[in-house]
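Heads up, the thing below is written out as structure tokens.
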Amino acid sequence: MDDDRYGSDVLSGDWRSKGVKKVRQVPLERGMVLEDPDSGWAGAVVGLEAGNVALEDWKGRTRSFPFVGQFLLEGELVTLGRPSSPVGRSAAAPAGRGGAVGSVHADWRDGAAPAVRQTADGGRLRTASGSFAVESQRARVALPSRIMVEGKHDAELVEKVWGADLRVEGVVVEELSGVDNLASVLDDFRPSRDRRVGVLVDHLVPGSKESRFADAVMRGKWGAHVLVVGHPFVDVWQSVKPARVGLREWPTIPRSIEWKQGICQALGWPHAEQADIARAWQRILGQVRTFADLEPQLLGRVEELIDFVTEPKA
């Protein structure tokens, strides 16, 4: 037996870094969307001066952070490397209609996805999901495949962040009005290889009602052409990072209290009527600017569904 547990010098090699996850370094680029993990500030890179990176948010406000710090890029913690081209405002082309190059457009309407202009690669835009925008292409005719979500709030959030991408791909998002209706909706839709259905479910955790419905569908007659994924949150509201509404974390609501009403009460917002709940959601949705404002548990699942329903025919 050759294994000698104590035969080597334990201090040799890079012993300090064992078990420590390495943080990837990415070159700094003008227009890339970064988030400071401590403050929650997210914005497009618009400058690098005196060792500080300037990030401009969707309202045109700018804050600077140390270049040597760590940032979130598409949900991944990274450090920044030396840029391959200038990132200061002087590197941008003259401003055209819609705002200055290099900034997040401040004129996007409620519910629409903002775009970030990036000059390092020829002035391309990024959508709110972080994808490169296709500026000259009209929305495609809708594909036969669908993405289905539980309710109106889920649909509005998906539209706000992924709407531009979905229109280019020709993907329609439909509301289920509750996961309880999924089986009957699928029976009416009749999924097939050319008519796939991707389903986003709230609170998809072991033992939940949602997980039982999802398991039954995936084992059922439509399972080969349906993908059901979900996030662990009680409601899609929780997929918005709590810092966006001034919280350190979302409050824990007793099961005896309707969850959304409990959240509004904890935040000191009106909650007596359904209209109050609707206004509360619009208040939360209004704080979502890009994918950086959402939790990774939702981001990955939506991207997975888009890939599933747009997969080319074999």
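Note that the structure is predicted; figures quoted are calculated from it, not measured.
In this structure, the separation between CD on E35 and CZ on F291 is 9.0 Å, given to the nearest 0.5 Å. Remark: R283 CZ to C264 SG distance equals 9.0 Å, nearest 0.5 Å. L285 contributes atom CG, which lies 9.0 Å from atom NE2 of H153 (distance to the nearest 0.5 angstrom). Rounding to the nearest 0.5 Å places CD1 of I263 at 6.5 Å from CD of Q238. Here R195 contributes atom CZ and L143 contributes atom CG; the two are 11.5 Å apart, rounded to the nearest 0.5 Å.
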As a quick check of understanding, evaluate salt bridge (Lys or Arg N to Asp or Glu O under 4.0 Å) for E311 and R193, giving each step before the final call. CA-CA 10 Å; E311 180 180 317; R193 178 64 186 86; 3.5 Å; yes
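Inter-residue side-chain proximity for F65 and L34 is flagged as unmet; no heavy-atom pair is nearer than 4.5 Å. V197 has its side chain out of reach of V309: every pair of non-hydrogen atoms, C-beta onward, lies at least 4.5 Å apart. When side chains are defined from C-beta on, V199 does not count as touching V229, because their heavy atoms never get closer than 4.5 Å. Side-chain contact between F67 and L48 is present, with heavy atoms from C-beta onward closer than 4.5 Å. You'll find the side chain of H203 stays beyond 4.5 Å of the side chain of K209, heavy atoms only. When side chains are defined from C-beta on, T62 does not count as touching L55, because their heavy atoms never get closer than 4.5 Å. Using a 4.5 Å heavy-atom cutoff, the side chains of V185 and M148 are in contact. When side chains are defined from C-beta on, E304 counts as touching L227, because their heavy atoms get closer than 4.5 Å.
Aromatic ring pairs are classed by plane angle as parallel below 30°, tilted from 30° to 60° and perpendicular above 60°; the pair W281 and W237 is parallel.
A salt bridge is absent between R212 and D215: the closest approach of a Lys/Arg side-chain nitrogen to an acidic carboxylate oxygen does not fall below 4.0 angstrom. In summary, R244 and D293 engage in a salt bridge, as defined by a charged side-chain N under 4.0 Å from a carboxylate O. A salt bridge is defined here as a Lys NZ or Arg NE, NH1 or NH2 lying under 4.0 Å from an Asp or Glu carboxylate O, and E159 with R167 meets this definition. One finds a salt bridge joining R24 and E76 here, because a Lys/Arg side-chain nitrogen approaches an Asp/Glu carboxylate oxygen to under 4.0 Å.
Under the 3.5 Å distance criterion, the side-chain polar atoms of S208 are left unmatched by any main-chain donor or acceptor of L204. A donor-acceptor pair under 3.5 Å links the side-chain atoms of K241 to the main chain of A292, judged by distance alone. Under a 3.5 Å cut-off, the side chain of S239 and the backbone N or O of E295 do not form any donor-acceptor pair. Remark: side-chain polar atoms of E258 are paired, donor with acceptor, to backbone N or O of K260 under 3.5 angstrom. Not one N or O on the side chain of E273 forms a donor-acceptor pair closer than 3.5 Å with the backbone of D276.
Remark: F233 engages H231 in a ring pair (Phe, Tyr, Trp, His ring centres under 6.0 Å) (not counting sequence neighbours).
Pairing each heavy atom of D235 with each of W259, the nearest pair is CB-CZ3, 3.6 Å. Here the shortest heavy-atom pairing between V226 and P191 reads CG2-CG, 3.9 Å. Minimum interatomic distance between Q70 and V23 (heavy atoms only, all atoms of both residues): NE2-CG2, 3.6 Å. Among all heavy-atom pairs drawn from G198 and L305, the shortest one is CA-CD2, 3.6 Å.
Around atom CD of E49, no more than 12 heavy atoms belonging to other residues, nucleotides or ligands sit under 6.0 Å away.
Residue pairs satisfying the side chain to side chain donor-acceptor pair (under 3.5 Å) criterion with at least one member in residues 170-187, sequence neighbours excluded, are listed as follows: R146-E174, D187-W222.
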